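Structure first, then comments.
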Amino acid sequence: MIGSSTKAIPDSQSFLFTLVNPSGNEPVKMAPKPGASILCNSNLGPTLGTTQYYDLLVWSVSSTNDSVSSHLDLGHGFVCPDSINKNSYFTGRNPFEISELEVFQVNL
């Protein structure tokens, strides 16, 4: 559940994608559902979902090291492929370790 200090910015153009995943499925682009949002909170990293729940959440565990944690629960703000495990699709487990993460912003 999203905390009260988190600001949700609706974004109907956002999407999640995977090029490689442990299930061996082809690359997939997950389109936003109505209400998809980018969630902003100074204590969080990239966070996407809805105003109520997140699909993808990344946050720093400690400000003194590079420890990063994560949570995945697809299907709230983004359309998932049928018959996938929505809690482990990207990495095979949840939470998952992050060695590299890219976030892009496109200004039109």
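Values in this document were obtained by computation on a predicted structure and should not be read as measured data.
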Between T91 and R93 (side chain of the first, backbone of the second, donor and acceptor by atom type, cut-off under 3.5 Å), is there such a pair? yes
Interatomic distance, CD1@I84 vs CZ@F90, rounded to 0.5 Å, equals 7.5 Å
Please give me the minimum heavy-atom distance between L72 and Y89, naming the atom from each residue. CD2-N, 4.0 Å
What's the shortest heavy-atom distance between L19 and P27, and which atoms? O-CG, 3.5 Å
Return the set of residues passing side-chain contact (heavy atoms from CB on, under 4.5 Å) with S88 (not counting sequence neighbours), or none when no residue passes. N85
Enter the distance from T18:OG1 to E26:CD here, rounded to the nearest 0.5 Å. 11.0 Å
State the NZ-CG distance between K29 and L16, to the nearest 0.5 angstrom. 11.0 Å
If I compare all heavy atoms of S14 with all of A36, which pair ends up nearest, and what's the gap? OG-CB, 4.4 Å
Among T50, L57, L56, which residue satisfies the side-chain contact (heavy atoms from CB on, under 4.5 Å) criterion with Y54? L57
Between S70 and N94, what is the shortest heavy-atom contact and its length? O-OD1, 4.0 Å
Sorted by chain and number, sequence neighbours left out, side-chain contact (heavy atoms from CB on, under 4.5 Å) with V79 holds for K33
Run the side-chain contact (heavy atoms from CB on, under 4.5 Å) test against D73 and tell me which residues pass, sequence neighbours left out. H71, H76, K86, N87
Keeping S12 on the side-chain end and P10 on the backbone end, is there a donor-acceptor pair under 3.5 Å? no
Is there a side-chain contact between I9 and C40, using heavy atoms and a 4.5 Å cut-off? yes
Minimum heavy-atom separation for D55 to G49, with atom names? OD1-CA, 3.4 Å
So which atom in F78 and which in M30 form the shortest heavy-atom distance, rounded to 0.1 Å? CD2-O, 3.6 Å
